[in-house]
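Some notes on the structure that comes next.
Positions are given from 1 along the sequence. Just the heavy atoms: all of them, side chains too, but no hydrogens, waters or symmetry mates, feed the values below. All of these numbers come straight from a predicted model, not from anything done at the bench.
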Amino acid sequence: LGWIALSVDAEATFEDGEEVVVFLARNARGWSVAGHALGKYSVDGDDARPGLGEARVLPRALAAGERLVEPMPVTELERRVRATR
């Protein structure tokens, strides 16, 4: 028998040598990327860009306290993470 694979549109993918910031969540099997592709930020120079995989994000109103997931300087991403502790 051959190999069977499963592809999930919104799952985070990684390339060798890629520089990333990854948010992880513990689950019954160990660790996984939190929020699928949204839990991965690709770093390009001083900027961090959130991943979407192949997912399409439909526009909607933000709830109180929510922020858009958008590209930002790495220093701003770090500031936001530290502010949630």
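Taking 4.5 Å as the limit, some side-chain heavy atom of Arg60 sits within range of a side-chain heavy atom of Glu66. Side chains of Glu19 and Ser42 form no contact here, defined as non-hydrogen atoms less than 4.5 Å apart. Looking only at side-chain heavy atoms (C-beta outward), Met72 and Glu78 stay at 4.5 Å or farther from each other. Between Asp46 and Pro73, the closest side-chain pair of non-hydrogen atoms is not below 4.5 Å.
Looking only at distances, no side-chain donor or acceptor of Lys40 sits under 3.5 Å from a matching main-chain atom of Pro50. A donor-acceptor pair is defined here as one N or O able to donate and one able to accept, closer than 3.5 Å; such a pair exists between the side chain of Asn27 and the backbone of Gly30.
Linking ILVMFWY residues whenever their side-chain heavy atoms come closer than 4.5 Å, directly or via other members, places Leu38 and Val21 in the same cluster.
Between the NE2 atom in His36 and the OG1 atom in Thr13 there is a gap of 13.5 Å [rounded to 0.5 Å].
When Val20, Val22, Val74, Leu77 are each tested for a side-chain contact (heavy atoms from CB on, under 4.5 Å) with Tyr41, only one passes: Leu77.
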